[in-house]
Amino acid sequence: MESAACFSNATTGRLPHRNAADGTLLSPFRNPTHLFLSRTLKKLPVQVRFPCLRTAFGSLNASASGIGTTISTEKESVDLDWDSLGFGLVHTDYMYTMKCSRGESFCEGELVPFGNIEISPSAGVLNYGQGLFEGLKAYRKADGNILLFRPQENGTRMMMGAERMCMPSPSVAQFVEAVKATVLANERWIPPPGKGSLYIRPLLMGSGSVLGLAPAPEYTFLIYVSPVGNYFKEGLSPINLIVETEMHRATPGGTGGVKTIGNYAAVLKAQSAAKAKGYSDVLYLDSVHKKYLEEVSSCNVFVVKGNIISTPAIKGTILPGITRKSIIDVALTQGFQVEEKAVTVDELLDADEVFCTGTAVVVSPVGSITYLGKSVSYGSSGVGLVSQQLYTALTQLQMGLTEDKMGWVVELK
Ligand code: COI
């Protein structure tokens, strides 16, 4: 079965506009005519070279490292209102796709215009949830350079998740090269320094048809990107969480420790109920004892008491966040004691500060926690000192504003 990229909702205006159905921001260049017309105004070639890559358009050049591909992209930033970016989809120019059959390895990928994909109604991902996703960000520096943060970690995590979900995975090198190619092809959508980042969403899915329950016969690796600002509507202001005592995100032996799509569908009910009551999000408890912290719907959680920062240990039900891991290392270098352990609700309620970490949320301070109808507030509704200190240290590194002594940042040009 072949999937083909196709266009929909062609637009006529030059300015980004909102999709009437779901409110997402639409690119001014979704119509192929506009895409190509816009390029005739300014054509700046970007070389994308890595083995097994071909593009839907552009010329093929032989190169020492494999097949070299030239695609035309504009480097000049798009005309977006960068100050009002939230965490919603903005359609960009290109996405990356690569397919392989069950039992084989990923080999040839391609950059194609961003658009809907065609998929069988009986695809494994649609029927049985055989799918994973990743999330990472690219930042634009003042000198024009573009930075990625620890992309190899995402590639490694996708490989581990793929093993759990019975899927073939791109190698870490293929993953990173595909991310780089997708970012460079969409360079003009990277927000200016300090205005946000380009969120990169790699997907791995069982795209082949199955009816009886089994691993799909074909897999698709796809990467799309979107410029984003803050994840929570609160921006960097503290969020208010409610502890969920009935519904659980994950169970021992399940898939909580990998980034499978079903983990996120499973939290929607509790999250929607919490939001309807005015909370920002939900903090889940372990499903066995119902007293140890797990994570928030889309991020990990940390509890601060004096000089000790604690976070739930990774034990199969908690996502091994890359921001989580980075914050632990940053906190250690700043002289904090960090404990990865079972953290109780009592410790949470007794904390000096609480914050969440994730690629999308970065470091998000928690202003209050509600548990069984009782609320506890942290600080005087401002951002806690430790959260602020760690947020600053991490984001300065990610944006290339401080020396990268950890070797975490990958420069694209
Ligand atoms: C991320 O932080 O990148 C995530 O994957 C969370 C997602 C629900 C936005």
Side-chain angles (χ1 to χ4, degrees), residues 22 24-25 85-90 129 131-139 147-158 160-162 164-165 175 179 182-183 191 196-205 221-236 239 241 244 249-250 255-272 274-275 279-284 294-302 311-312 314 317-328 355-366 390-391 394-395 398 408:
D22 62 8
T24 54
L25 270 178
L85 271 182
F87 200 88
L89 183 69
V90 178
L132 290 169
F133 76 93
E134 274 299 326
L136 64 162
K137 285 174 173 172
Y139 293 87
L147 302 180
L148 295 173
F149 188 69
R150 310 186 81 176
Q152 303 91 338
E153 294 287 337
N154 296 87
T156 305
R157 190 169 64 182
M158 178 167 269
M160 288 165 55
R164 176 65 178 84
M165 301 298 291
F175 180 98
V179 165
T182 314
V183 169
S197 58
L198 189 72
Y199 186 77
I200 305 157
R201 175 53 66 83
L203 301 173
L204 181 63
M205 62 187 116
F221 173 61
L222 189 152
I223 306 177
Y224 69 91
V225 296
S226 174
V228 295
N230 292 324
Y231 184 78
F232 288 114
K233 69 172 172 35
E234 289 83 348
L236 296 178
I239 56 170
L241 300 177
E244 171 61 50
R249 178 188 168 273
T255 56
V258 297
K259 217 162 166 60
T260 186
I261 56 177
N263 290 346
Y264 295 81
V267 301
L268 293 175
K269 185 169 180 179
Q271 191 198 46
S272 304
K275 286 191 174 181
Y279 297 104
S280 320
D281 216 318
V282 175
L283 174 54
Y284 298 90
E294 294 256 307
E295 61 181 89
V296 179
S297 309
S298 58
C299 43
N300 297 114
V301 66
F302 286 76
T311 192
I314 301 297
T317 54
I318 292 165
L319 189 82
I322 294 156
T323 310
R324 172 189 179 280
K325 182 171 167 172
S326 306
I327 280 294
I328 290 174
F355 62 87
C356 299
T357 65
T359 299
V361 310
V362 192
V363 174
S364 190
V366 176
L390 295 175
Y391 169 83
L394 182 74
T395 52
Q398 291 174 324
W408 286 344

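When a ligand or atom number is given, it counts from 1 through the structure's own listing order.
Protein heavy atom at the shortest distance from atom 2 (O) of ligand 1 is Ala360 N, 2.8 Å. Closest protein heavy atom to atom 8 (C) of ligand 1: Ser298 CB, 3.6 Å. The protein atom (non-hydrogen) at minimum distance from atom 7 (C) of ligand 1 is Arg201 NH2, 3.9 Å.
Counting atoms of ligand 1 from 1 in the listed order, those under 4.0 Å from a heavy atom of Gly135 are 3 (O). The ligand atoms of ligand 1 that sit less than 4.0 angstrom from a heavy atom of Tyr231 are 9 (C). Each of the following atoms of ligand 1 lies closer than 4.0 Å to a heavy atom of Phe133: 5 (O).
Distance OG/Ser197 to CZ/Phe149: 12.5 Å, rounded to 0.5 Å. We find the CG-NZ distance between Asn154 and Lys137 to be 12.0 Å, quoted to the nearest 0.5 Å. Distance CD1/Ile318 to OH/Tyr284: 13.5 Å, rounded to 0.5 Å.
The part of Lys259 lying near ligand 1 is the side chain, judged by heavy-atom distances below 4.0 Å.
At least one N/O-N/O distance between Tyr199 and ligand 1 falls below 3.5 Å.
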- Please report the C-alpha distance between Phe355 and Tyr391 in whole Å, then the side-chain angles of each, then the deciding distance to 0.1 Å, and finally whether the ring pair (Phe, Tyr, Trp, His ring centres under 6.0 Å) criterion is met. CA-CA 10 Å; Phe355 62 87; Tyr391 169 83; over 10 Å; no

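Formation of a donor-acceptor pair under 3.5 Å by the Glu295 side chain with backbone atoms of Leu319 is found in this model.
The two atoms that bring Thr323 and Gly358 nearest to each other are OG1-C, 3.2 Å, heavy atoms only.
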